[in-house]
Amino acid sequence: MAELTWNDRWGKCLGGRVYILAAVVVDVEMVLSNLSDRLLPLAIKELSLLLEEKLPSSVCCMNIHVVPRLGETGDRGRRKLLRLAMAGDGQLCAKWHQMQQGRQQSLCGGSVTAAFHALRDTSSVQHQQKLADLLALHPEVETGFLLDLPLKWISGWPEGQKQYPQKSGSVWFDFPALWGEVLESLIVHARDPAVVHLLVNFASAEGAKTMFELLHGRYVYNPAAEDDTYPVRCLLGHYQDLRLYAEGQKALEGRGFVLRRRGAPETGVPQVIEVNQRRLTLGREEEFANVVIQKPHISKAHAVLELVAGTLSIQDTSVNGTWVNEHRLANGIRVELHPFDKVSFLPAAHPAYKEALVYEVRPAEEAREAPRSRTPERRRNSDAIDVRIVRGPTQRPFQRSRRSRPQRPQRPQRPQLAEPVGLAKKRKVVALRGVVQIDDDEDVARVSPEKDELLEAEDVDRWARQLDGGSLVEYIPKLTSLFDSVSQIKKRYSGKLNDFYEDVQVQDENHRLAFASALRALSK
């Protein structure tokens with residue numbers, strides 16, 4: 001069997017026919033002055049040229065894509081979340097990202113502003129821990145895996161056929177076979193005509209989970225394709241359910257349920273949640289949840305709904321709790337739900353919790369006319385925009401003049417394909433503190449501080465970058481100016497969260513929750 005071999009951020013599969021890119025991912029928020037169809041593509045193009053000019057010479061942006069959001073209408077519709085995939089040294093990416101914090105980049109003559117937000121490294125230990133937490137929510141009997149791919153990458157599709165079975169020897173059979181024995185590999189058309197679903201049935205759940213663990217949150221690189229880098233969008237579940245999903249059918253037609261919100265509409269909170277598939281996770285973060293509820297007291301993966309043989313049940317997986325008919329559920333215990341049950345994520349009857357989210361369980365037939373809450377995976381297929389930025393790792397990036405416009409690359413012959421590294425080394429980059437030197441013999445950046453105190457400040461820097469998936473990096477300048485070490489933070493603020501929030505100027509509720517968790521961990 002062919003092997004997966006890693007070289008820095010690149011996982012080489014099938015002798016170089018497919019690569020996995022464990023990218024450094026950066027979120028960018030764009031604010032458009034109007035909703036013109038032309039403005040967003042122009043802004044993305046200008047941003048890509050700006051990145052090519054400003055990024056360190058050993059770092060290249062392989063892909064930019066738009067991440068859809070719930071309820072993108074009105075002023076919210078003018079705000080677009082973009083995701084950048086960086087290949088190169090992680091420390092240099094982090095230093096460059098830190099310098100962008102607090103700045104707004106003007107694009108398209110001032111019609112668009114861009115602000116850089118969270119950074120996360122998909123090769124980091126924190127990324128692996130998140131995946132372990134996510135996989136723990138899936139039972140051991142799930143052998144199905146679904147992966148989105150660009151239609152352009154698929155050749156030889158039988159004319160007039162809706163499905164394209166893959167056989168041993170084809171790329172999209174052998175690729176999943178790297179992770180375990182494959183019983184069936186099938187490609188079907190998605191709702192988006194530019195996208196297809198690769199549907200795989202493994203002989204065991206271990207194969208499906210391994211493939212999910214290696215791909216989730218990362219990128220697939222196809223050196224033989226013009227649009228060569230594509231963000232991974234994948235699902236793990238029961239094979240028959242995934243097949244019904246891929247074919248555009250409801251998993252349990254006529255026997256589903258909906259959770260209908262009681263109360264006035266709110267931004268980031270779905271009014272109606274459809275439960276028409278076997279398993280649905282509710283939570284605060286898209287990485288962990290099928291349905292995102294953007295409230296500070298909602299956990300990343302707050303509760304799991306399961307629909308089996310027409311029976312709906314709920315399991316609490318949160319810190320703050322889930323209530324059914326005003327009774328708090330024991331964590332991890334599954335409870336059956338019935339029509340007109342009330343589900344809430346704070347004790348709704350308590351006068352102190354006026355913002356408790358309360359949903360009422362209703363049969364799907366009674367709510368067919370209600371507006372639907374689509375899962376992030378289903379929205380991505382129809383709304384995502386993928387833009388190829390620079391030449392892939394078949395040559396050294398940025399060898400031409402900084403001012404020149406990027407040229408369309410000539411696709412290499414397969415025998416001449418180089419290992420996807422070849423990023424410039426042997427250089428010195430003046431960082432915010434100290435000098436970063438890349439050694440010719442090692443792909444490791446070493447910080448050579450000019451004073452001993454810088455090592456202590458770097459300790460705070462590293463601690464902050466690891467918190468909540470990198471969402472708190474904007475506080476690094478403030479933290480490093482106030483504190484010399486993490487132990488100093490621990491001693492000064494043990495049991496004094498409000499003092500910490502005031503000194504560091506933490507106003508955002510989600511950020512306060514993340515810091516509270518981190519400080520509690522320090523105290524232990």
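Every value quoted in this text rests on a predicted model; they were computed, and no experiment measured them.
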Would you say [X]'s side chain and [Y]'s backbone share a donor-acceptor pair under 3.5 angstrom?
{"X": "S299", "Y": "V319", "answer": "yes"}
{"X": "T281", "Y": "A301", "answer": "no"}
{"X": "R9", "Y": "G88", "answer": "yes"}
{"X": "D174", "Y": "G169", "answer": "yes"}
{"X": "H97", "Y": "V473", "answer": "no"}
{"X": "D27", "Y": "L119", "answer": "no"}
{"X": "D148", "Y": "H197", "answer": "no"}
{"X": "D8", "Y": "W10", "answer": "no"}
{"X": "W153", "Y": "D227", "answer": "yes"}

Contact summary for [X] and [Y], nearest pair of heavy atoms:
{"X": "P223", "Y": "G16", "value": "CG-O, 3.4 Å"}
{"X": "Q166", "Y": "W172", "value": "OE1-CB, 3.8 Å"}
{"X": "I293", "Y": "P270", "value": "CG1-CD, 4.0 Å"}
{"X": "S185", "Y": "L198", "value": "OG-CD1, 3.4 Å"}
{"X": "P150", "Y": "V196", "value": "O-CG2, 4.4 Å"}
{"X": "G144", "Y": "A208", "value": "O-CB, 3.9 Å"}

Can you find a heavy atom in the side chain of [X] that is under 4.5 Å from one in the side chain of [Y]?
{"X": "K295", "Y": "H302", "value": "no"}
{"X": "L242", "Y": "L199", "value": "yes"}
{"X": "Q315", "Y": "L329", "value": "no"}
{"X": "S344", "Y": "Y359", "value": "no"}
{"X": "E306", "Y": "R334", "value": "yes"}
{"X": "V269", "Y": "R261", "value": "yes"}
{"X": "K300", "Y": "E287", "value": "no"}
{"X": "L337", "Y": "S313", "value": "no"}

Ignoring hydrogens and geometry beyond distance, is a side-chain donor-acceptor pair present between [X] and [Y] at under 3.5 Å?
{"X": "D341", "Y": "N325", "answer": "yes"}
{"X": "S123", "Y": "D121", "answer": "yes"}
{"X": "Y239", "Y": "E142", "answer": "no"}

The criterion is side-chain hydrogen bond (donor to acceptor under 3.5 Å, both in side chains); which residues satisfy it with H189, sequence neighbours excluded?
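Expected list: none.
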
Q240: which residues meet the side-chain hydrogen bond (donor to acceptor under 3.5 Å, both in side chains) condition with it, sequence neighbours left out?
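If we apply the side-chain hydrogen bond (donor to acceptor under 3.5 Å, both in side chains) test to Q240, skipping adjacent residues, there are no hits.
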
Side-chain donor/acceptor pairs under 3.5 Å, residues 210-220, sequence neighbours excluded:
unit_1: T210; atom_1: OG1; unit_2: E206; atom_2: O; d: 2.7
unit_1: R218; atom_1: NE; unit_2: T122; atom_2: O; d: 3.0
unit_1: R218; atom_1: NH1; unit_2: L214; atom_2: O; d: 3.2
unit_1: R218; atom_1: NH2; unit_2: T122; atom_2: O; d: 2.6

Please step through side-chain contact (heavy atoms from CB on, under 4.5 Å) for the pair V292 and E285, ending with a clear verdict.
CA-CA 6 Å; V292 177; E285 291 192 4; over 6 Å; no

Can you say whether the rings of Y164 and W157 are parallel (under 30°), tilted (30 to 60°) or perpendicular (over 60°)?
tilted

Using the six-membered ring wherever Trp is involved, compare the ring planes of F515 and W463 and label them parallel, tilted or perpendicular (cut-offs 30° and 60°).
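Rings of F515 and W463: tilted, as their planes differ by 30° to 60°.
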
For the pair R328 and D316, find out whether any cationic side-chain nitrogen is under 4.0 Å from an anionic carboxylate oxygen.
no

Separation between [atom1] of [X] and [atom2] of [Y], rounded to the nearest 0.5 Å:
{"X": "I154", "Y": "I187", "atom1": "CD1", "atom2": "CD1", "result": "4.0 Å"}
{"X": "R278", "Y": "L280", "atom1": "CZ", "atom2": "CG", "result": "13.5 Å"}
{"X": "L183", "Y": "E181", "atom1": "CG", "atom2": "CD", "result": "5.5 Å"}
{"X": "I64", "Y": "T229", "atom1": "CD1", "atom2": "OG1", "result": "11.5 Å"}
{"X": "H117", "Y": "E29", "atom1": "NE2", "atom2": "CD", "result": "4.5 Å"}
{"X": "L146", "Y": "N201", "atom1": "CG", "atom2": "CG", "result": "12.0 Å"}

Output, in order, the C-alpha distance, side-chain angles, deciding distance and verdict of salt bridge (Lys or Arg N to Asp or Glu O under 4.0 Å) for E360 and R260.
CA-CA 5 Å; E360 185 176 80; R260 179 180 287 173; over 6 Å; no

For the residue pair H297 and F345, is the inter-centroid distance of their aromatic rings smaller than 6.0 Å?
no

Would you check, one step at a time, whether the test side-chain contact (heavy atoms from CB on, under 4.5 Å) holds for L14 with L178?
CA-CA 9 Å; L14 307 178; L178 290 172; 4.2 Å; yes

Mark yes or no: R233 above the aromatic ring of Y230, with NZ or CZ under 6.0 Å from the six-membered ring centre and no more than 45 degrees from the axis.
yes

Before giving the answer on side chain to side chain donor-acceptor pair (under 3.5 Å), spell out for T317 and N331 the whole-Å C-alpha distance, their side-chain angles and the decisive distance to 0.1 Å.
CA-CA 6 Å; T317 58; N331 189 270; over 6 Å; no

Assess whether side-chain contact (heavy atoms from CB on, under 4.5 Å) is satisfied between M86 and W96, documenting all intermediate values.
CA-CA 11 Å; M86 307 286 192; W96 175 84; 3.8 Å; yes

Taking it one step at a time, do N222 and Y19 satisfy side-chain contact (heavy atoms from CB on, under 4.5 Å)?
CA-CA 6 Å; N222 181 358; Y19 290 86; over 6 Å; no

